[in-house]
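Lettering follows sequence order; numbering is per chain, from 1.
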Protein chains: 2
Amino acid sequence: MTIEKEYSTKLAVDEVTIDRRDIEMLDAIDQHGSMHKAADRLGRSYARLQNRVVEIEDAVGPITERKRGGSGGGGTVLTETANELRRQFDRHEAELDGVARVTESVFPGTVRERTGELATVETAIGSILALVPDDAHAVQVTVRSDAVVLTDPDETPQADDTSLRNQFTGPVTAIESGDAITRVTIQLGTDSPLQALITNASATRLGLETDQPITASFKATAARAIHLESDRRV
Amino acid sequence: MTIEKEYSTKLAVDEVTIDRRDIEMLDAIDQHGSMHKAADRLGRSYARLQNRVVEIEDAVGPITERKRGGSGGGGTVLTETANELRRQFDRHEAELDGVARVTESVFPGTVRERTGELATVETAIGSILALVPDDAHAVQVTVRSDAVVLTDPDETPQADDTSLRNQFTGPVTAIESGDAITRVTIQLGTDSPLQALITNASATRLGLETDQPITASFKATAARAIHLESDRRV
DNA sequence: TGACGTTGTATCCCCATGGATATATCGCTG
DNA sequence: CAGCGATATATCCATGGGGATACAACGTCA
């Protein structure tokens, strides 16, 4: 059973929520210069597509300049508002895509001291400072592998000097290199690997080798806990 | 017009995709011990709910032990598979939630050298090493504010010593403190602010003050570019 | 042995989404 | 001034998801 993380990107603007389909609609209008052609290419009905444009404009203001008559019968071009929507959507989707692609390291633990949304969580590898939901006690802390910074243990500044509040040292157990990115696995507890994504350049600069100790740091704001009690949502 | 980032969490397991509604169903079954009561509490029809359980089990294997007859007429309890699904969903949702909450800093630029999925992007604040999609030229680079590490400029190690490949120094222009987290805004170009989320403890340790210079670093794997050409999806 | 509260199905129907179709309307161009 | 290709809008209908309902089957317990 392989579980894949999925998501769907949305932007909520006042009353409407804009999804991928809307953005594809805008793209098609932009590319073909008319809603009619856009509907054709997308295999959608013109009527619904036109309705949707009006619906969105009611909420966010003009996203198109629509002309009828004239040479070629008229046409539709996007406004800057529409382009900003497209860019914002793309940025959001890129971030969500990052979440779905990146591996995460999981550490079960219990909440100790809490201040606001932050708390220290006692785990098998030691204390982790993380974002913890309210009234959570038994938790799992997840750390995104693209948020883990690796340094040479001999030259690592004290955690006090940076805003990297979590710092752990352990032996490298696996190194997988891709075109540009290397995935490094570090053994911290008896069975608690921490993964880090770094550039190949960083990997060679650090002179990574398996079994060699390395220091992994990550920010408290990049570590998130979920709580394990089952009846939290009901 | 305020735009809010939204998302919906899903797990794709072989043939089915499990969404929030399914997880809430599992929670309710777990809490009430029977599918009937769960359906009642959720305001759903028993028939559909039961169908959905079977549907999911066809794909992922047993997620419930369902008994009929016996004292109390029977009942349903979740399997460990179901609990693992719930935990995985929660972890995924926590990460997506992080994306939607966290502010991002945006830098327009053009792609220079590329190696695999990584490329250097020339921006108003200088070169940024980031994850860049294929065949992109004009791009926007986004940096999550929870991935930005702040250090004292005088004591900052050379970027070469760490896997923090992007490093910029500029004056602090805004400091907003919450219960546990402080949001710091740093001026880099003429109109390119970079935001960072750090713990209040880190903020006081760094002795942050407005107009005072600070060094902000972030990993290449935490910077993502989108491309600006409009007809990419069609 | 019957009562009871489950699980297990099958059928009907409501309703929202969205395509299909038809009909105006508009305004430049030949 | 008619033609054309676009926008604008209303109506009908196919489809699917899911609630409502009904009825069996099951197994412990009084």
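Under the ring-ring contact (aromatic ring centres under 6.0 Å, His included) criterion, the residue pairs touching residues 45-85 of chain B are B/H36-B/Y46, with sequence neighbours excluded. Applying the ring-ring contact (aromatic ring centres under 6.0 Å, His included) test to residues at least two apart or on different chains, none of the pairs has a partner in residues 52-80 of chain A.
Between the CD atom of B/E65 and the P atom of C/dT6 there is a distance of 18 Å, given to the nearest Å. Residue A/L78 contributes atom CG, which lies 12 Å from atom P of D/dT7 at whole-angstrom precision. A/R41 has its CZ atom 10 Å from the P atom of D/dA6, to the nearest Å. Straight-line distance from the NZ atom of B/K67 to the P atom of C/dT7: 12 Å, rounded to whole Å. Counting to the nearest Å, the P atom of C/dT6 and the NE2 atom of B/H32 are 12 Å from each other. Atom-to-atom, CD of B/E55 to C1' of C/dT7 comes out at 17 Å; the value is rounded to the nearest Å.
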Give each protein N/O atom lying under 3.5 Å from an N/O atom of nucleotides 8-12 of chain D, with the pair distance.
{"residue": "D/dA8", "atom": "OP2", "partner": "A/Q50", "partner atom": "NE2", "Å": "3.2"}
{"residue": "D/dA8", "atom": "OP2", "partner": "A/R66", "partner atom": "NE", "Å": "2.4"}
{"residue": "D/dA8", "atom": "OP2", "partner": "A/R66", "partner atom": "NH2", "Å": "3.4"}
{"residue": "D/dA8", "atom": "O4'", "partner": "A/R68", "partner atom": "NH1", "Å": "3.4"}

Restricting both atoms to N or O, compile the protein contacts to nucleotides 28-30 of chain C shorter than 3.5 Å, with distance only.
{"residue": "C/dC28", "atom": "O4'", "partner": "A/G70", "partner atom": "N", "Å": "3.4"}

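In terms of position along DNA chain D, the nucleotide closest to A/K37 lies nearer the 5' end than the nucleotide closest to the other residue of the pair B/S45 and A/K37.
Taking only side-chain nitrogens and oxygens, B/T76 comes nearer than 4.0 Å to OP1 or OP2 of C/dT7. The side chain of B/R44 places no N or O atom within less than 4.0 Å of a non-bridging phosphate oxygen (OP1 or OP2) of D/dA20.
Two residues are said to be in side-chain contact when any heavy atoms from C-beta on lie closer than 4.5 Å; B/I23 and B/I18 meet this criterion.
At the heavy-atom level, B/R52 lies nowhere under 4.0 Å from the strands shown.
The number of heavy-atom neighbours closer than 6.0 Å to CD of B/E4, taken from other residues, nucleotides and ligands shown, is 12 or below.
Side chains of A/N200 and A/T182: a donor on one and an acceptor on the other come within 3.5 Å. A donor-acceptor contact closer than 3.5 angstrom is absent between the side chains of B/R183 and B/S145. A donor-acceptor contact under 3.5 angstrom links the side chains of B/E95 and A/T142, judged on distance only.
Judged as a salt bridge (charged side-chain N to carboxylate O under 4.0 Å, His left out), and not counting sequence neighbours, B/E15 has no contacts. Residues satisfying the side-chain contact (heavy atoms from CB on, under 4.5 Å) criterion with A/V77, sequence neighbours excluded, are A/E65.
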